[in-house]
Amino acid sequence: MTQPRGQWSGKLGFILAAAGSAIGLGNLWKFPYMAYENQGGAFVLIYIAAVLTVGIPIMMAEILLGRRFQSSPVGTFMKAGADRPGGKLWAGVGFLGVLAGFVILSYYSVVAGWTLHYILLALKGQLGELARQPELLQDHFVNGFLANGWQQSAYHLTFMALTTGAVFFGVKGGIERVARYLMPLLFTILIVLVIYATTTPGFDRAMSFLFRADFMAIDRYGFLEAIGQAFFSLSLGMGAMLTYGSYMNRANSIPRSTLQICGLDTLIGLAACVIMFSIIFSFDMQIQKSSTILFTTLPTVLVQLPGGNIVNGLFYLLIAFAALTSTISLLEVVSSFAIDELRWSRRRATLTMGSAIAVFGVLNAWSLGGSQALSTVNPLGRSSTQGLFGTLDYLAANWFLPVGGLLIALFVGWFFRRGDAFAELTEGHGEVRGFGLWRFLIRFVAPIVVGAIIVSVILGYEYQ
Ligand code: TRP
């Protein structure tokens, strides 16, 4: 009846795929510009605190649910919730996750498309030239490229085709193979760039911007955005890690894998910040549009290397691959829902869902200047929610994911048997020394932190 579930080839396979899901544009594109908009220090520290107290325990909870119930998020919550108070209602957590996956992928793929534009510019030999004049590069990107809806749609659709292709070929054939080779290469380049950054004149200012906390600079939205970013960057709150956990071998350790993934993800985000802020402060750059920092800072430095044009192109190629291992996990959640619950074949599920998201995402591609109407809608009325793209990003990262994560924490902390959680975390690990701490975090700390932030925003909500 049920189709056999795919499996990772082993321990490294799971880690690479899950880290591949976590590490992506969230670390390289979004985290640096959010830190920039929220004035650094306090935001970064709140972010790190969120990873420790909320991210790590919830990631363990997601993976253990996936491995225990061997299902998509919807199926997992249907099975797990069946004999609990609330019963079938818990399946709603799974549905919220599938919806979040759909929405996030529809705009994430647009940004991933930007990397394709840079690869093409490098191939045509034009990126080096633009990068030699930082103002020209910014102007090209912000006023030319972003406003061109046709061009952005084409790149977005190309990226969706790549994603759909990878998911189409299944767990081992597509997803794992990509992650296995390219992630280590990306890490190496980032390490080299961090070392370079320490030699630049802007490095000291970058460090104090990033790590000197001024908590007065942050309001309740800053807290919401820091916690939302933790969920976004760790791929939590919508069942992506749950789904990957369902393909995980019982001989592997959930606690150990989780710590490794979270540690790596946080380090990469911080590394990206150190690199980009060192450049910004070294050149005293005036940032026209903060969400383009990834695309306007690095080329100006890479171009100074021998073969700068090609080095630039290579760098964006690696970012494209980091994005691909993330888009794969987003589409995997949406398609595995169709595979497990609607009993569709993998082919039908990936092609249908991939196309639907691609078509919907075209609206996002036009909402950064291409279409007047789509670029100016702003139902939430904040500067960071401008346009369809901004609104969806804000809703998904700051509401869908934290609410999903809150419900997952409540479920595992309060409705799931302690003994079952203990058995699952022990299997493949041996004695889990921090079990008591984990249970305390998942029952009390995570729900209270996320809940308090959500409530403070709702109660104090004002359109400004
Ligand atoms: N974590 C990825 C990034 O940082 C994005 C991502 C992939 C994601 N899968 C997800 C975000 C699931 C939330 C939920 O780029």
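Atom set for the values below is all heavy atoms of this structure, side chains included, hydrogens, waters and symmetry mates excluded. Just so you know, ligand 1 is whichever comes first in the structure, and atom 1 is the first atom listed for that ligand.
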Task: Distance in Å, Leu121 CG paired with Phe141 CZ, rounded so as to fall on 0.5 Å steps - done: 10.0 Å

Open item on the list: Any non-hydrogen side-chain atom of Phe295 less than 4.5 Å from a side-chain atom of Trp29?
Closed with: yes

TODO: For the residue pair Ile319 and Leu294, establish whether any side-chain heavy-atom pair is separated by less than 4.5 Å.
DONE: yes

Open item on the list: Once side chain to side chain contact (heavy atoms under 4.5 Å, CB included) is applied, do any residues pair with Phe411, and if so which ones, sequence neighbours excluded?
Closed with: Leu65, Phe77, Ala80, Arg84, Trp90, Phe415, Phe416

Task: side chain to side chain contact (heavy atoms under 4.5 Å, CB included) against Leu374, all qualifying residues, sequence neighbours excluded - done: Leu363, Trp366, Ser367, Ser371, Leu388

Side-chain donor-acceptor pairs of residues 16-25 under 3.5 Å, sequence neighbours excluded:
residue, atom, partner, partner atom, Å
Ser21, OG, Ser235, OG, 2.9
Ser21, OG, Ser329, OG, 2.9

Enumerate, one pair per line, all nitrogen or oxygen atoms of ligand 1 lying under 3.5 Å from a protein nitrogen or oxygen, stating the separation to 0.1 Å; write 'none' if no such pair exists.
residue, atom, partner, partner atom, Å
ligand 1, 1 (N), Ser21, O, 3.2
ligand 1, 1 (N), Ala22, O, 3.0
ligand 1, 1 (N), Phe232, O, 2.8
ligand 1, 1 (N), Ser233, O, 3.1
ligand 1, 1 (N), Ser235, OG, 2.9
ligand 1, 4 (O), Ala22, O, 2.8
ligand 1, 4 (O), Gly26, N, 3.3
ligand 1, 4 (O), Asn27, OD1, 3.4
ligand 1, 9 (N), Ser235, OG, 3.3
ligand 1, 9 (N), Ser329, OG, 3.0
ligand 1, 15 (O), Leu25, N, 3.1
ligand 1, 15 (O), Gly26, N, 2.7
ligand 1, 15 (O), Tyr108, OH, 2.4

